[in-house]
Amino acid sequence: MGVLNVTPDSFSDGSQYNQQDKALARAQQMIAEGADIIDIGGESTRPGAKDVSVEEELERVVPLVESIRSLDCKISVDTSKPEVMKAALKAGAHMINDVRALSEPGAMEVVGEFQVPVCLMHMQGQPRTMQADPKYQDVINDVKTFLSQRIIACEKFGITKDLICIDPGFGFGKTLQHNLLLLTELDEFNSLDVPVLAGLSRKSMLGQITGRDVDERLAASLAVALIALQKGAKIIRVHDVKETADTKKVFLATQQN
Ligand code: PT1
């Protein structure tokens, strides 16, 4: 899964077209490099990020879904808003990636109606404040219990297990210690009987370990991608598709006895 962020346009001179062109070219490049899924995000959920209005998110996401539709990939939309989910799915998106695990009123209904795959992610708190003081009794058990309850909630809305994947939400209300435990015990989540998605690419936990800035975290990102694959993750959400695809090829080559 390749990350495609649509950032707000700071100029009001019509260069929104330019932004869209750039995003389309980036999507094409990631597909050529081996991405099966393009994850379009119109709301930043990194630590400290502010909320975005429905209107703004729709403006960012829907035109991009329409322009990427013709490419050879699945389109995932990274959103928590039912209005954005519905508009994106109508525009041709194939999957919903929700860092709030369909907790917004109406979100379950939309995914149930369209019968599309969904990624349910765990987050403690909200992006703006989630890193203030994350606390767990037992991080593996707490996150696992949350995700299993969200799977049950989905099933009540006709979202069957074959449509669901789960994600422990690296960096979403977690200390370095929590993130490392989730990674080293990622295989614990396989017992929920749905595919596991892992998003670790360039995250601050890798900065904490290596001391490197965000644009210098490729090697660390590949290291954790390989660990996630070894623990059974089926989808890896990344910025660096070409390098991660090679990492995955090496991993798969070692799997054929
Ligand atoms: C993710 C993810 C996501 N991450 C899924 N969707 C982000 N399913 C957006 C940091 O610590 O892991 N899984 N959508 C990006 N969010 C973050 C969070 C980015 C933390 C950076 C950090 O640096």
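This is a predicted model, so every value here is computed, not measured.
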- Look at atom CD of Gln177 and say whether more than 12 heavy atoms of other residues, nucleotides or ligands are closer to it than 6.0 Å. no
- Pair Glu188 + Lys144, salt bridge at N-O below 4.0 Å: yes
- Going by an N to O cut-off under 4.0 Å, is there a salt bridge joining Arg60 and Glu43? no
- Task: Quick one: closest heavy-atom pair of Asp39 and Ser76, and the distance?
- Result: OD1-OG, 2.7 Å
- How many angstroms lie between atom CG of Leu200 and atom CD1 of Ile236, to the nearest 0.5 angstrom? 7.5 Å
- Pick from Glu104, Glu57, Glu55: which one makes a salt bridge (charged side-chain N to carboxylate O under 4.0 Å, His left out) with Lys81? Glu57
- Start with the C-alpha gap between His178 and Tyr136, add the side-chain angles, then the distance that decides, and say whether ring-ring contact (aromatic ring centres under 6.0 Å, His included) holds. CA-CA 9 Å; His178 295 141; Tyr136 297 86; 4.7 Å; yes
- Message: What verdict does the side-chain contact (heavy atoms from CB on, under 4.5 Å) test give for Val116 and Leu89, after you've listed the backbone C-alpha separation in whole Å, the side-chain angles of each residue and the deciding distance to 0.1 Å?
- Response: CA-CA 9 Å; Val116 286; Leu89 291 168; 3.8 Å; yes
- Are Arg237 and Asp78 close enough for a salt bridge, meaning some N to O gap below 4.0 Å? yes
- Item | Salt bridge Arg202-Asp215, side-chain N to carboxylate O under 4.0 Å | no
- Should the pair Lys161-Glu155 be classified as a salt bridge under the 4.0 Å nitrogen-to-oxygen rule? no
- Message: Please check if the number of heavy atoms outside Lys231 that lie under 6.0 Å from its NZ is greater than 12.
- Response: yes
- Message: Holding to side chain to side chain contact (heavy atoms under 4.5 Å, CB included), I want the full list of residues that pass it with Glu216, two or more places apart in sequence or in another chain.
- Response: Arg212
- More than 12 heavy atoms of other residues, nucleotides or ligands under 6.0 Å from CD of Gln137: is that the case? no
